[in-house]
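Order of listing sets the numbers, starting from 1, for every ligand and every atom in it. Only a predicted model underlies this, so the values are computations on that prediction, with no experimental measurement involved. Residues take their numbers from the sequence shown, with the count starting at 1.
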Amino acid sequence: MDPRLRGDDEREKSCLSAKRFPRTPQATMASSHPMTQASPLLPPADWRDFLALTKPRVLTLVVFTGLCGMLAAPVPIHPVLGFTAILCIALGAGAAGTLNQWYEADLDALMKRTAGRPLPAGRMEKQSALHFGVGLGAFSVILMGLALNYAAAAILAVSILFYVLIYTVWLKRRTPQNIVIGGAAGAFPPLIGWAAATGEVAALPVLLFMFVFLWTPPHFWALALFVKTDYANAGVPMLPVVAGEKVTRRQIGLYTIPMALAAVAPWPLGLTGVIYGLVSLAMTAWFGWLALRVATRTTGADDAMLPEKALFKYSILYLFVVFGALVVDRWVA
Ligand code: HEM
Ligand SMILES: CC(C)=CCC/C(C)=C/CC/C(C)=C/COP(=O)(O)OP(=O)(O)O
């Protein structure tokens, strides 16, 4: 597969910058290094580079939760408007990913996973990424406002700004709480989808927001446990780097408890039917078991971190299935 589309360069740098360590010496060097500028020796940026800026693989789940939020709403939406709303969420999230990569090209150059991205690899001018990101973001919000409604457009704008300014610029390089607070950005799509259909927010999408918000720390920290060296090398204050494995494991276990409650709550609260209730219960029970395994184990230096990898992978499948069940539940009932 074309390395530009692989996307495996996209994830772990997340927490790497250090605000305490604002632009680290390595990062500063990287930003002035010729390889972080477009090089005349390399082919010019093409559509695959622009696509890679949007973090397409993470986008799939972001868009899916937005779609499910929209389809779970009690008001049916015209298919053309529904498609437009989902397009706006995808473009808005893509814009956020682009601006994240524009701001972090220096850090991306320091990590194996992210060094092949268009900017650190020198396949694109930084300014092109900035223009692309701002243009895409503005277009998505304006289109949402004009075609759907101002509530959905406002939440979309907030989520883009949250991811770019609060997470990327402010928190990521400063504190290991970066992904806890910054993770809120990725929890907005179900609210946006619901607002696109109804013009307002309600109890169910707020619970879904809480669910994704509380899901993010176990999702990310499971991964951070087995890629912490990369973050440490780049000076990003991720929890395993700053507080150690033991604390991270405990935090994964602790966040899983309220996450499980938020996941299952819609059923007993009468906001969904039995299909969602049973699927969310079963899927969450397995999540809890995997998280417990991660939370209670100790590792040796040569440990393959299989339970941590299993939890990370399952966290993605989990969100797909539980959100899918929400829609099935709504449409079958
Ligand atoms: C601040 C919050 C988050 C951080 C720091 C984060 C971090 C990461 C990282 C570093 C990876 C890449 C792992 C790798 O390269 O192998 C990843 C993968 C992924 N994340 Fe997250 N994530 C966050 C929130 C979210 C949210 C809100 C969603 C969607 C609702 C999401 C969906 C995904 C998906 C689908 C993948 C797998 C992509 C693939 O297959 O390549 N993440 N995440
Ligand atoms: C609707 C809307 C605007 C949603 C935007 C929210 C969004 C894209 C959430 C995903 C969160 C994410 C990919 C974090 C990765 O962290 P990172 O950026 O530190 O990862 P990296 O190391 O791969 O750059």
Side-chain angles (χ1 to χ4, degrees), residues 5-17 52-66 68-69 85-86 88-105 107-108 110-115 117 119-120 133 136-137 140-141 144 152-153 155-164 166-169 171-173 176-193 208-209 211-224 226-228 230-231 234 236 238-239 309 312-313 315-320 322-323:
L5 293 182
R6 261 204 341 251
D8 49 358
D9 58 329
E10 291 180 359
R11 306 140 191 170
E12 64 191 81
K13 126 203 341 39
S14 331
C15 298
L16 279 137
S17 20
L53 286 177
T54 66
K55 305 190 177 185
R57 287 164 65 160
V58 174
L59 257 183
T60 54
L61 187 50
V62 169
V63 169
F64 187 74
T65 58
C68 293
I86 296 310
C88 289
I89 294 175
L91 297 181
T98 299
L99 293 171
N100 166 274
Q101 291 191 48
W102 167 76
Y103 187 78
E104 293 186 347
L107 275 182
D108 283 350
L110 299 175
M111 300 201 308
K112 222 161 74 182
R113 180 178 63 84
T114 53
R117 287 177 171 179
L119 293 174
L136 207 58
S140 66
V141 172
M144 186 74 103
I155 308 172
L156 180 62
V158 166
S159 45
I160 296 171
L161 293 174
F162 208 94
Y163 183 52
V164 177
I166 308 286
Y167 174 67
T168 306
V169 176
L171 297 174
K172 184 166 169 179
R173 301 185 195 222
Q177 293 305 307
N178 48 15
I179 63 111
V180 177
I181 305 163
F188 281 114
L191 266 178
I192 302 171
L208 296 173
F209 171 90
F211 172 31
V212 180
F213 176 69
L214 294 163
W215 163 92
T216 301
H219 160 73
F220 175 70
W221 285 332
L223 168 90
F226 58 86
V227 297
K228 78 170 182 190
D230 225 5
Y231 286 119
V236 178
M238 289 313 189
L239 195 60
K309 289 175 184 166
F312 172 71
K313 279 191 190 156
S315 72
I316 293 164
L317 174 74
Y318 171 70
L319 219 54
F320 268 115
V322 174
F323 270 83

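Under a 4.0 Å criterion applied to the non-hydrogen atoms of Thr216, ligand 1 contributes the atoms 2 (C), 3 (C), 24 (C). Close approach of ligand 2 to Lys55 is summarised as follows: ligand atoms under 4.0 Å from at least one heavy atom of the residue are 17 (P), 18 (O), 20 (O), 21 (P), 23 (O), 24 (O). The atoms of ligand 1 that sit less than 4.0 Å from any heavy atom of Leu223 are 9 (C), 10 (C), 11 (C), 13 (C). Taking a cut-off of under 4.0 Å to the non-hydrogen atoms of Asn100, the atoms of ligand 2 that pass are 18 (O), 24 (O). Contact atoms of ligand 2 toward Ala93: 2 (C), 3 (C), 4 (C) (distance under 4.0 Å to a heavy atom of the residue). Listed by number with element, the atoms of ligand 1 under 4.0 angstrom from any heavy atom of Val62 are 29 (C). Less than 4.0 angstrom separates some heavy atom of Val58 from each of these atoms of ligand 2: 10 (C), 13 (C). Which parts of ligand 2 touch Ile160 is read off a 4.0 Å heavy-atom cut-off, strictly below it: atoms 3 (C). Close approach of ligand 2 to Tyr167 (heavy-atom distance below 4.0 Å) involves ligand atoms 16 (O), 17 (P), 18 (O), 19 (O). Applying the 4.0 Å criterion to heavy atoms of Gly186 picks out, from ligand 1, the atoms 27 (C). Taking a cut-off of under 4.0 Å to the non-hydrogen atoms of Arg57, the atoms of ligand 1 that pass are 35 (C), 38 (C), 39 (C), 40 (O), 41 (O).
With a heavy-atom cut-off of 4.0 Å, Trp215 touches ligand 1 through its side chain alone. Contact annotation for Val227 and ligand 1: no heavy atom of the residue comes within less than 4.0 Å of the ligand. At a heavy-atom distance under 4.0 Å, no atom of Phe188 approaches ligand 2. Neither the backbone nor the side chain of Gln101 has a heavy atom within less than 4.0 Å of ligand 2.
Closest approach of Met144 and Cys88 over heavy atoms only: N-SG, 3.6 Å. Shortest non-hydrogen contact noted between Leu119 and Ala105 is CB-CB, 3.9 Å. The nearest pair of heavy atoms linking Lys55 to Tyr163 is NZ-OH, 3.0 Å. Pairing each heavy atom of Phe188 with each of Ser159, the nearest pair is CD1-CB, 3.5 Å. The shortest heavy-atom contact between Ile89 and Gly66 is CD1-CA, 4.1 Å.
For the pair Ile160/Ser140, a side-chain contact is recorded, criterion being any heavy-atom separation below 4.5 Å from C-beta on. In this structure, the side chains of Leu239 and Phe220 stay at 4.5 Å or more apart for every pair of heavy atoms. Contact of the Pro189 side chain with the Val63 side chain is not registered, since no non-hydrogen atoms from C-beta on lie closer than 4.5 Å. Residues Thr168 and Leu99 form no side-chain contact, since every pair of their non-hydrogen atoms from C-beta on lies 4.5 Å or further apart. At a threshold of 4.5 Å between non-hydrogen side-chain atoms, the residues Tyr167 and Phe162 do not count as touching. Looking only at side-chain heavy atoms (C-beta outward), Leu319 and Phe64 stay at 4.5 Å or farther from each other.
A search for side-chain hydrogen bond (donor to acceptor under 3.5 Å, both in side chains) contacts involving Thr216 returns nothing, not counting sequence neighbours.
Of the polar atoms of Ser159, none of the N or O atoms is found under 3.5 Å from an N or O of ligand 2, judged by distance alone. Taking any N or O of Tyr167, backbone or side chain, none lies under 3.5 Å from an N or O belonging to ligand 1.
Ligand 1 has at least one atom lying under 4.0 Å from a heavy atom of Phe312. At least one heavy atom of Arg117 sits under 4.0 Å from some atom of ligand 2.
Considering only non-hydrogen atoms, atom 33 (C) of ligand 1 lies nearest to His219 out of Lys309, His219, Lys313. When the options Tyr103, Tyr163, Phe162 are ranked by their closest heavy atom to atom 18 (O) of ligand 2, first place goes to Tyr163.
Aromatic ring centres of Phe211 and Tyr318 lie closer together than 6.0 Å.
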